[in-house]
Amino acid sequence: MRQSHKLWSFKDALKVPFVEDGMAVGLYGGSFNPPHEGHVHVAETAMKRLALKRLWWMVSPGNPLKDHSGLPELEDRIALSHKLIDNPRIDVTGLEKTLNTRYSADLVLYLRARYPAVRFIWVMGADNLTHFHKWERWEDIVQSMPIAIVDRPGHTLAARSSRMARKFAEYRVEESDAGNLKSLSAPAWTFLHAPRSHQSSTALRANSV
């Protein structure tokens with residue numbers, strides 16, 4: 001059943017999703033402007049390959065590295081995400097707005113402190129890995145929880161060439177052991193190869209003009 005068929009409200013989407021001690025939860029954030037099948041591909045690949053119990057699809061109020069002019073309202077992007085997702089174990093949330101965390105590092109540190117017994121894994125597409133070193137206090141994220149990067153078209157080499165991959169090369173976990181990532185202490189990261197979706201938010205926005 002698609003999440004769009006469930007009863008939900010913007011107010012509920014601003015709450016921290018349900019979580020229990022010991023649960024393995026993926027954190028997948030972005031502007032999702034608009035959300036598309038490429039995003040779903042990353043989320044579904046991470047859930048399957050990492051053996052996650054749940055994944056939080058975190059719709060950001062706005063990426064600090066991007067121009068916010070023309071960015072649709074948070075409520076609209078959350079609504080579009082709900083319509084797109086067909087997995088009851090993926091929780092669409094705008095909790096960054098509720099927690100007033102401008103940077104991902106602040107969100108990560110808050111969640112680790114608030115839920116020390118939850119096994120969080122930071123999930124991102126390989127397209128984000130190429131400029132991950134530009135994020136505010138990006139090393140805090142690497143040192144706080146395991147990271148899983150899912151391959152995206154044109155960004156496969158990021159697994160070797162990105163600044164994060166080079167600096168933390170010794171902590172890379174073999175893809176065949178990705179299912180154990182949730183049990184490892186940070187720093188630990190893996191790169192997941194899978195059939196790739198060529199959709200991108202940039203192309204979709206360009207085609208809508």
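Just so you know, residue 1 is the first one in the sequence shown, and it goes up from there.
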Going through the distances and angles, do Arg119 and Val25 end up as a side chain to side chain contact (heavy atoms under 4.5 Å, CB included)? CA-CA 6 Å; Arg119 295 176 291 173; Val25 179; over 6 Å; no
Going through the checks in order, is the side chain to side chain contact (heavy atoms under 4.5 Å, CB included) test met by Arg160 and Phe191? CA-CA 10 Å; Arg160 294 197 304 268; Phe191 192 94; over 6 Å; no
Can you check side chain to side chain contact (heavy atoms under 4.5 Å, CB included) on Val173 and Leu184, steps first, answer last? CA-CA 10 Å; Val173 176; Leu184 301 179; 3.6 Å; yes
Side chain to side chain contact (heavy atoms under 4.5 Å, CB included) between Val118 and Arg112, worked out: CA-CA 8 Å; Val118 175; Arg112 292 295 299 123; 5.9 Å; no
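Residues Arg49 and Glu175 are paired through a salt bridge, judged by an N-O separation under 4.0 Å between the basic side chain and the carboxylate.
Under the 30°/60° scheme for interplanar angles, the aromatic rings of Trp135 and His131 are found to be tilted. Note on ring orientation: taking the six-membered ring where Trp is involved, the planes of Trp57 and Phe32 are parallel (angle under 30°, cut-offs 30° and 60°).
Heavy atoms only, all atoms of each residue included: Ala148 and Leu181 are closest at CB-CD2, 4.2 Å. Closest of all the heavy-atom pairs between Pro187 and Gln143 is CD-OE1, 3.6 Å. Closest non-hydrogen pair, Val59 versus Ser81, comes out as CG2-OG, 4.0 Å. Here the shortest heavy-atom pairing between Ala126 and Ile149 reads CA-CG2, 3.5 Å. Contact record, Pro35 with His39: CA-ND1, 3.4 Å, taken as the closest heavy-atom pair. The two atoms that bring Ala186 and Met145 nearest to each other are CB-N, 3.4 Å, heavy atoms only.
A donor-acceptor contact under 3.5 angstrom links the side chains of Asp12 and Ser9, judged on distance only.
The number of heavy-atom neighbours closer than 6.0 Å to OH of Tyr171, taken from other residues, nucleotides and ligands shown, is 12 or below.
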